[in-house]
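Encoded as structure tokens, the structure appears first; notes follow it.
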Number of protein chains: 2
Amino acid sequence: MTTTLLTKPRVVRILLIDDHPIVLAGVKALVMTDPNVEVVGEAFDGRSGLRLAAEFAPDIVVLDISLPDLNGVKVAERLRAECPNCKILALTVHEDRGYLRQLLEVGISGYLLKRSATTELSRAIAAVAAGGLYLDPAVAGMAVEVSAPRLPESTTGRAELSQREVEVLKLAASGHSNKSAAAILGIGVKSAETYKARAMEKLGFRTRVELVRFAVSEGWLKN
Amino acid sequence: MTTTLLTKPRVVRILLIDDHPIVLAGVKALVMTDPNVEVVGEAFDGRSGLRLAAEFAPDIVVLDISLPDLNGVKVAERLRAECPNCKILALTVHEDRGYLRQLLEVGISGYLLKRSATTELSRAIAAVAAGGLYLDPAVAGMAVEVSAPRLPESTTGRAELSQREVEVLKLAASGHSNKSAAAILGIGVKSAETYKARAMEKLGFRTRVELVRFAVSEGWLKN
DNA sequence: CTAGCCGTCAGGAAAACCCTGACATTTGCG
DNA sequence: CGCAAATGTCAGGGTTTTCCTGACGGCTAG
């Protein structure tokens, strides 16, 4: 079927989710400069966002990954489930491989960094609205290494961490040695080593630096 | 210049510094809704910001603390020196005692969190333009504890860390090994070990956990 | 019932870390 | 000026920790 001659100037309806009102208002002001875009809702946390998404069924959800109540990945996941027609455009400061991978697995349609030029925003929205996949130039390179190499065996599930793995990881990121973490959890050092290794492998991390970055972005180190 | 009877129609001239163009554009859109405010410059990094400040001598510099090239505190410091008439309004996501303390010592006029309501922004600008000090409600409580207790341990002049010690400590807290830190600093592993040991000893830390806690409270693990 | 994840752990090699010096500069102070 | 203290730089050697490779029983789902 051929495309219509006059592409109907159908307005793209957008829901914004960002925990920083000042940033959200700014993004809103930006996207509204495009007459084809309409902001149908704004939320400052994950739960409100999910509620508004269910209510308004927007075309695109512009989602900040760092949220106070729910992890951005969790929100994306639930959005996919509860509002399958919503496209998700992640808008974030995080340039971590881990986030990108998780979000791609969840099925987002775009990943844009806040440090990108403002023109990228409208470009990304246009691309996503058209049904495409948009990745920020700065992370596009990661996508290839991310999509190909991982997990011949995790066909069913995604990179969910088990309870023990999360516990050890938090302690490790807080500066505890495997031995110390093991003592705290009341298990053997070797077990702690195993959990940490498995978790790191699941997350695709190979160095403690990456782990600490992840921990910071997860809010694990807020004391 | 004659004084007018009505409140001064003088426009507040503002310079914006934020490394995320999308956020910066948003803030710009927000402040421009106030007719008394004029944005005279925008910069995405510290150096450009300092240059523009010298060029335009704005009334207020709205400064994001997380910058790629220079630390926000450094930028504030140099702004105070090079452009003494500029008021500085820190706009940031960081709620750390450490940052706030450092910035207050440098002599900023305002501290606003991005998670605050948009109305706070104009309020803060107005307050700062009027020569006042504005602190975000969320950090105002910290200010009192911050202004009084000036390093109880430094009574004899001891808790001062040398440059190298701080550098290695930051890297260590971020998850770098001594070896990795040494490589980054371009020194031998043994030197890095020495700095770290001396610094830990000065601070009275025995474990990495204490170090990480300290780093978090100092805001070293953000950005 | 077979496969995979989970919690638990070992052995041995490799890497990182801590402790003890060491030495040359720089800097404050009597 | 000269000396002691602080700083930047590094090595040797013993101790810990981490890393890599398995392993084994319990549970759950296909």
Side-chain angles (χ1 to χ4, degrees), chain A residues 73 77 98 101-102 105-106 149-215 220, chain B residues 151 153-215 220:
Chain A
V73 178
E77 214 164 358
R101 210 201 66 226
Q102 289 177 65
E105 282 175 5
V106 168
R150 232 357 94 216
L151 1 156
E153 56 220 35
S154 86
T155 45
T156 57
R158 50 252 124 112
E160 290 257 345
L161 299 177
S162 75
Q163 199 56 46
R164 280 301 201 209
E165 286 162 357
V166 172
E167 288 168 349
V168 174
L169 225 47
K170 283 187 180 182
L171 290 169
S174 306
H176 288 277
S177 66
N178 290 335
K179 183 180 179 183
S180 163
I184 290 172
L185 298 175
I187 57 180
V189 182
K190 292 299 188 178
S191 303
E193 290 178 12
T194 300
Y195 306 144
K196 186 184 160 193
R198 283 182 188 164
M200 297 277 283
E201 201 263 320
K202 282 181 181 175
L203 293 170
F205 297 159
R206 283 179 292 94
T207 69
R208 275 199 304 263
V209 181
E210 294 173 287
L211 170 59
V212 170
R213 261 213 268 276
F214 176 73
W220 287 351
Chain B
L151 310 191
E153 78 262 34
S154 74
T155 44
T156 60
R158 213 346 159 239
E160 295 257 337
L161 298 176
S162 76
Q163 199 58 48
R164 280 302 200 210
E165 286 163 357
V166 172
E167 288 168 350
V168 174
L169 226 47
K170 283 186 179 181
L171 291 169
S174 306
H176 288 276
S177 65
N178 290 336
K179 183 179 179 183
S180 164
I184 289 172
L185 298 174
I187 58 180
V189 183
K190 292 300 188 175
S191 303
E193 289 179 7
T194 300
Y195 306 143
K196 187 183 161 193
R198 292 215 272 239
M200 297 277 284
E201 203 259 318
K202 281 181 182 177
L203 293 170
F205 296 160
R206 294 258 129 232
T207 70
R208 278 199 302 259
V209 181
E210 296 172 284
L211 171 59
V212 169
R213 263 206 250 283
F214 175 72
W220 286 353

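Convention: sequence-line order gives letters A, B, ...; per-chain numbering from 1.
- The CZ atom of R206(A) sits 9.5 Å away from the CE atom of M200(A) when rounded to the nearest 0.5 Å.
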Item to check | E193(B) and K190(B): CA distance, side-chain angles, deciding distance, salt bridge (Lys or Arg N to Asp or Glu O under 4.0 Å) verdict | outcome: CA-CA 5 Å; E193(B) 289 179 7; K190(B) 292 300 188 175; 3.8 Å; yes
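- Taking 3.5 Å as the limit, the base of dC10(D) and the side chain of T194(B) contain a donor-acceptor pair of atoms between them.
- Distance, E167(A) CD to dT8(C) C1': 14 Å, rounded to whole Å.
- For a distance-only test at 3.5 Å, the side chain of K190(B) qualifies as a donor-acceptor partner of the base of dG13(D).
- A straight line from CZ of F205(A) to P of dC19(D) spans 14 Å, rounded to a whole angstrom.
- Put simply, CZ on R164(B) is 15 Å from P on dT26(C), counting in whole angstrom units.
- Atom C1' of nucleotide dT18(D) and atom CG of L211(A) are separated by 14 Å, given to the nearest angstrom.
- Of the candidate nucleotides dC6(C), dC9(C), dT18(D), dT18(D) has the atom nearest to the side chain of S177(A).
- Distance from the side chain of Q163(A) is smallest for dG7(C) among the nucleotides dC6(C), dT9(D), dG7(C).
- The base of dT20(C) does not come close enough to the side chain of R198(B) for any donor and acceptor atom to sit less than 3.5 Å apart.
- Contact of E193(A) with dC19(D) (side chain to base): a donor-acceptor pair of N or O atoms is detected under 3.5 Å.
- Residue S191(B) places at least one side-chain N or O closer than 4.0 Å to OP1 or OP2 of dC10(D).
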Next on the checklist: Evaluate E210(B) against R213(B) for salt bridge (Lys or Arg N to Asp or Glu O under 4.0 Å), listing each step before the verdict.
Outcome noted: CA-CA 5 Å; E210(B) 296 172 284; R213(B) 263 206 250 283; over 6 Å; no
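- Residue-to-nucleotide proximity on DNA chain C shows that, of H176(B) and V189(A), the 5′-proximal contact is made by V189(A).
- The distance between atom CD of E201(B) and atom P of dA5(D), rounded to the nearest whole Å, is 15 Å.
- Residue N178(A) places at least one side-chain N or O under 4.0 Å from the OP1 or OP2 atom of dT18(D).
- Not one side-chain nitrogen or oxygen of K179(A) sits closer than 4.0 Å to the OP1 or OP2 atom of dC17(C).
- Listed here is the closest heavy atom pair of K196(B) and N178(B): CD-OD1, 3.3 Å.
- When the P atom of dT7(D) is taken as reference, atom CD1 of I187(B) falls 15 Å away, rounded to whole Å.
- Across all non-hydrogen atoms, the minimal contact from E167(A) to R164(A) is OE1-NH1, 3.0 Å.
- The shortest distance between the side-chain N/O atoms of Y195(A) and the OP1/OP2 oxygens of dC6(C) is not below 4.0 Å.
- Going from atom CZ of R208(A) over to atom C1' of dT18(D) covers 8 Å, rounded to whole Å.
- A straight line from NZ of K196(B) to P of dT9(D) spans 18 Å, rounded to a whole angstrom.
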